[in-house]
Chemist: 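After the C-alpha cells below, expect a handful of questions from me.
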Amino acid sequence: MLPRPRLQLGFRSLTHRTRRTHASRGQAVVELALLLPVLMLVLLGTIDLGRLFALAIGVQNAAREGASFGATKPTCVSAASCPDPGNVTYVARQELGGDPGLSVSVACSPSCSSSTVTDHTITVTVSQRFTPLTPLIAEIVGTSITPTASATAVIP
C-alpha cells in the first residue's frame with residue numbers, strides 16, 4: 001500500500017487538528033478582561049472627540065451665518081432693534097438648534113445704529129461650552145472646553 005500524500009500549508013498539515021483546552025478558553029477571557037477597559041476608553045474618547053469637532057464646526061457655521069445675516073440687515077443687530085426671529089443673535093443660535101447656552105456677541109465697526117451703515121463691518125463671535133462624556137478624558141483636558149469662532153462681514 002502506498003502512503004497517502006499530505007498537503008502541507010505552512011507548518012501544519014491538513015490532518016493535524018488543534019484542540020482547544022479548558023485553559024486556552026480561560027486565557028481568552030483574561031485577555032478580554034484586560035483589553036476591554038482600554039478598548040472602551042478608546043471608543044468613548046473617539047466619540048467625545050467627534051462630538052467636539054461637530055460642535056466646533058457648528059460654532060463656526062453659527063458665526064458665519066450670523067455675520068452674513070448682519071451684513072444683509074445691519075440695523076437688526078440686537079433684540080432691541082429687531083425682535084426674534086429678525087436679529088443676528090437669534091439667527092446664530094438657530095444654526096445650533098436654538099441652544100440657549102450659546103454665547104453670541106455682535107460688534108459693528110464703526111457703529112450699526114446709524115441709518116447709513118455702508119462700508120462698515122460686522123463681527124459675530126460665537127462660543128459654546130463642551131463637556132466630555134468620558135471622565136478620564138475630562139481629567140486630561142479639563143471638565144469643559146469652549147470652542148469659539150468669529151466671522152466678519154462687510155456691510156455693502
Side-chain angles (χ1 to χ4, degrees), residues 9-11 18 20 22-156:
L9 296 174
F11 294 107
T18 58
R20 287 194 158 194
H22 185 66
S24 69
R25 280 187 235 134
Q27 177 186 356
V29 171
V30 169
E31 288 174 359
L32 177 68
L34 291 173
L35 287 177
L36 191 62
V38 174
L39 293 175
M40 290 301 293
L41 182 66
V42 168
L43 176 70
L44 291 174
T46 304
I47 290 171
D48 270 344
L49 192 63
R51 288 178 56 232
L52 178 62
F53 281 135
L55 180 65
I57 290 170
V59 165
Q60 279 183 342
N61 288 340
R64 289 177 185 155
E65 195 67 30
S68 175
F69 181 81
T72 58
K73 297 184 181 176
T75 56
C76 292
V77 171
S78 66
S81 58
C82 288
D84 291 346
N87 61 43
V88 173
T89 304
Y90 181 83
V91 170
R93 278 207 173 101
Q94 288 306 309
E95 188 66 26
L96 280 175
D99 189 3
L102 187 70
S103 172
V104 179
S105 66
V106 182
C108 287
S109 175
S111 174
C112 287
S113 60
S114 65
S115 60
T116 57
V117 289
T118 57
D119 297 330
H120 292 99
T121 59
I122 183 167
T123 303
V124 178
T125 304
V126 178
S127 62
Q128 172 71 26
R129 186 175 162 206
F130 172 78
T131 305
L133 293 175
T134 311
L136 186 60
I137 300 294
E139 288 294 322
I140 294 170
V141 299
T143 56
S144 69
I145 302 167
T146 307
T148 303
S150 184
T152 302
V154 176
I155 301 169

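As a basis for the values below, the full set of heavy atoms in this structure was taken, side chains included, without hydrogen atoms, waters or symmetry mates. Along the sequence shown, residues carry numbers from 1.
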Chemist: Mind checking the CD1-CG spacing from Ile57 to Asn61? Nearest 0.5 Å is all I need.
Modeler: 7.5 Å

Chemist: How long is the straight-line distance from CD of Gln94 back to OG1 of Thr89, given to the nearest 0.5 Å?
Modeler: 11.5 Å

Chemist: With rounding to the nearest 0.5 Å, note down the distance linking CD in Gln128 to CZ in Arg93.
Modeler: 9.5 Å

Chemist: Would you name the heavy atoms of Ala67 and Ile122 that are closest together and state the gap between them?
Modeler: O-CG2, 3.8 Å

Chemist: Quick one: CG on Leu49 to CG on Leu44, what's the gap to the nearest 0.5 Å?
Modeler: 12.5 Å

Chemist: Considering residues at least two apart in sequence or located in another chain, which fulfil the side-chain hydrogen bond (donor to acceptor under 3.5 Å, both in side chains) criterion with Thr152?
Modeler: Thr123

Chemist: For residues Thr148 and Ser127, report the shortest heavy-atom separation together with the two atoms involved.
Modeler: OG1-CB, 3.3 Å

Chemist: Partners of Ser105 by side-chain hydrogen bond (donor to acceptor under 3.5 Å, both in side chains), sequence neighbours excluded?
Modeler: none

Chemist: Quick one: salt bridge (charged side-chain N to carboxylate O under 4.0 Å, His left out) pairs with a partner in residues 51-69, sequence neighbours left out?
Modeler: Asp48-Arg51

Chemist: If you look at every heavy atom in Phe69 and Asn87, which pair is closest and at what distance?
Modeler: CE2-C, 3.7 Å

Chemist: Which atoms form the tightest heavy-atom contact between Val88 and Gly70, and what is the distance?
Modeler: CG2-CA, 3.6 Å

Chemist: Looking at Ala71 and Ala153, what are the two nearest heavy atoms and their distance?
Modeler: CB-CB, 3.8 Å

Chemist: Only distances under 3.5 Å count here; give the side-chain donor-acceptor pairs of residues 34-41 to other protein atoms, sequence neighbours excluded, each with its distance to 0.1 Å.
Modeler:
none

Chemist: Would you mind listing every salt bridge (charged side-chain N to carboxylate O under 4.0 Å, His left out) that reaches into residues 146-156, with sequence neighbours excluded?
Modeler: none

Chemist: Do you know which two heavy atoms are closest between Gly142 and Pro132, and how far apart they sit?
Modeler: O-CG, 4.0 Å

Chemist: Tell me, which pairs form a salt bridge (charged side-chain N to carboxylate O under 4.0 Å, His left out) where one or both residues lie in residues 124-135, sequence neighbours left out?
Modeler: none

